[in-house]
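Not measured: the values here are computed from a predicted model.
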Amino acid sequence: NEIHFPQDHPGAQKFAGLTEDKIQIFSHAYSVVDKKVLTRLIRDPDYRGDMLFVSSQDNAVSEDKNASVWSEGKELRGSDRLRDAYKVVRFDSNHIEIDVQINQPAGAWLMYSDVWHPHWKATVNDKPVPIWKANLAYKAVPLEPGANHVHFYFRYPLLVFLQSIMAWNVVFW
């Protein structure tokens, strides 16, 4: 039961970071749990890539301040995309830190077009926040109005353990 990425669709090219930045900001997010429904939405010819679809890590239907459950029949041509300024202050294979100023009184959502994995963690303004799956495969976090410092980091306990063993092995030899 494979889901094929709609790589020729202009909306998919936007949220994949091919025709837009890898860091994207939205005023709103829509919670969609069913992958088939989400696939249909992002493949729809009316979808322009300017709306953010999210699902929680546990795939539960839920609302989180600016995320509302998607309702069928809603217009897909709409745009929740914001052009608020951001700055990447750190980037390496296991970390990205982003400073962003949100000018929306209700807050916003930051999507990072990098593959979602359950061992990615995030903080916003040094507070742990859940990472939502964005548009089937990417990462998104809610942001507060005003200044936000977002830190995504990868922490896989088994990998940390194996790296420790290798480090001690180097020290021993």
Side-chain angles (χ1 to χ4, degrees), residues 3 5-89 96-117 120-125 127-152:
I3 298 174
F5 186 80
Q7 61 195 22
D8 296 330
H9 190 294
Q13 291 176 357
K14 274 186 182 178
F15 69 70
L18 299 175
T19 59
E20 288 283 337
D21 289 349
K22 293 279 190 185
I23 306 296
Q24 300 177 37
I25 303 166
F26 297 87
S27 62
H28 198 82
Y30 301 94
S31 179
V32 180
V33 174
D34 188 329
K35 289 179 183 174
K36 289 181 182 178
V37 170
L38 183 48
T39 301
R40 182 178 49 77
L41 292 172
I42 64 176
R43 293 178 74 105
D44 190 297
D46 286 341
Y47 179 61
R48 302 288 183 241
D50 296 319
M51 300 170 86
L52 178 62
F53 298 110
V54 296
S55 58
S56 63
Q57 267 186 293
D58 59 6
N59 287 327
V61 175
S62 56
E63 292 200 28
D64 181 315
K65 65 182 187 143
N66 295 327
S68 55
V69 176
W70 175 258
S71 58
E72 288 299 323
K74 183 163 175 51
E75 177 63 45
L76 281 170
R77 288 182 181 251
S79 178
D80 296 316
R81 185 175 294 281
L82 299 174
R83 300 290 180 189
D84 292 359
Y86 70 88
K87 180 180 179 184
V88 175
V89 293
I96 186 168
E97 293 184 45
I98 305 155
D99 286 337
V100 60
Q101 179 71 32
I102 299 301
N103 299 316
Q104 304 294 314
W109 284 77
L110 181 140
M111 184 188 79
Y112 176 33
S113 294
D114 182 56
V115 177
W116 181 91
H117 186 278
W120 277 98
K121 307 293 180 209
T123 62
V124 175
N125 298 328
K127 295 179 208 145
V129 295
I131 298 177
W132 291 62
K133 289 182 195 175
N135 294 353
L136 287 175
Y138 306 107
K139 306 185 233 325
V141 293
L143 301 176
E144 298 293 326
N148 288 269
H149 180 79
V150 180
H151 182 196
F152 288 103

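From Leu76, atom CG reaches atom NZ of Lys74 across 9.0 Å, with rounding to the nearest 0.5 Å. The structure places CG of Asn135 at 4.5 Å from CZ of Phe15, a figure rounded to the nearest 0.5 Å. We find the CG-OG distance between Leu143 and Ser27 to be 11.5 Å, quoted to the nearest 0.5 Å.
Tested against Asp50 for a side-chain hydrogen bond (donor to acceptor under 3.5 Å, both in side chains), the candidates Arg77, Gln24, Lys14 yield a single pass: Lys14.
Using a 4.5 Å heavy-atom cutoff, the side chains of His28 and Ser68 are in contact. The shortest side-chain heavy-atom distance between Met111 and Val54 does not fall under the 4.5 Å cut-off. In this structure, the side chains of Tyr86 and Leu110 stay at 4.5 Å or more apart for every pair of heavy atoms. Ile102 is listed as a side-chain neighbour of Ile25, based on a closest heavy-atom distance under 4.5 Å.
A tilted orientation is assigned to the rings of Tyr112 and Phe152, their planes being inclined by 30° to 60°. Taking the six-membered ring where tryptophan is involved, the planes of Tyr30 and Phe53 are tilted, since the angle between them lies from 30° to 60°. Using bins of under 30°, 30° to 60° and over 60° for the plane-to-plane angle, the ring pair Tyr47/His9 lands in the tilted bin.
The residues Asp99 and Lys87 are annotated as not salt-bridged, no charged nitrogen and carboxylate oxygen being separated by less than 4.0 angstrom. The pair Asp114-Lys139 meets the salt-bridge criterion, since a charged nitrogen lies less than 4.0 angstrom from a carboxylate oxygen.
For the residue pair Ala106 and Pro145, the shortest heavy atom distance occurs at C-CG, 4.3 Å. Between Pro142 and Pro130 the shortest heavy-atom distance is CD-O, 4.4 Å. Nearest heavy-atom pair across Val32 and Ser55 is O-CB, 3.3 Å. The two residues Ala108 and Leu82 make their nearest non-hydrogen contact at CB-CD1, 3.9 Å.
Between the side chain of Asn148 and the backbone N or O of Val150 there is no donor-acceptor pair closer than 3.5 Å. Arg81 places a side-chain N or O within 3.5 Å of a backbone atom of Gly49 that can act as its donor or acceptor partner. A donor-acceptor contact shorter than 3.5 Å links the side chain of Asn125 to the backbone of His149. With hydrogens and angles disregarded, no donor-acceptor distance shorter than 3.5 Å links the side chain of Lys133 to the backbone of Ala140.
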task = Using the side-chain contact (heavy atoms from CB on, under 4.5 Å) rule, take Val100 and Ile23 through it: C-alpha gap first, then chi angles, then the decisive distance, then the call.
result = CA-CA 10 Å; Val100 60; Ile23 306 296; over 6 Å; no
ask   = After noting the C-alpha distance and the side-chain angles of Thr39 and Leu136, does the key distance pass the side-chain contact (heavy atoms from CB on, under 4.5 Å) rule?
value = CA-CA 8 Å; Thr39 301; Leu136 287 175; 3.7 Å; yes
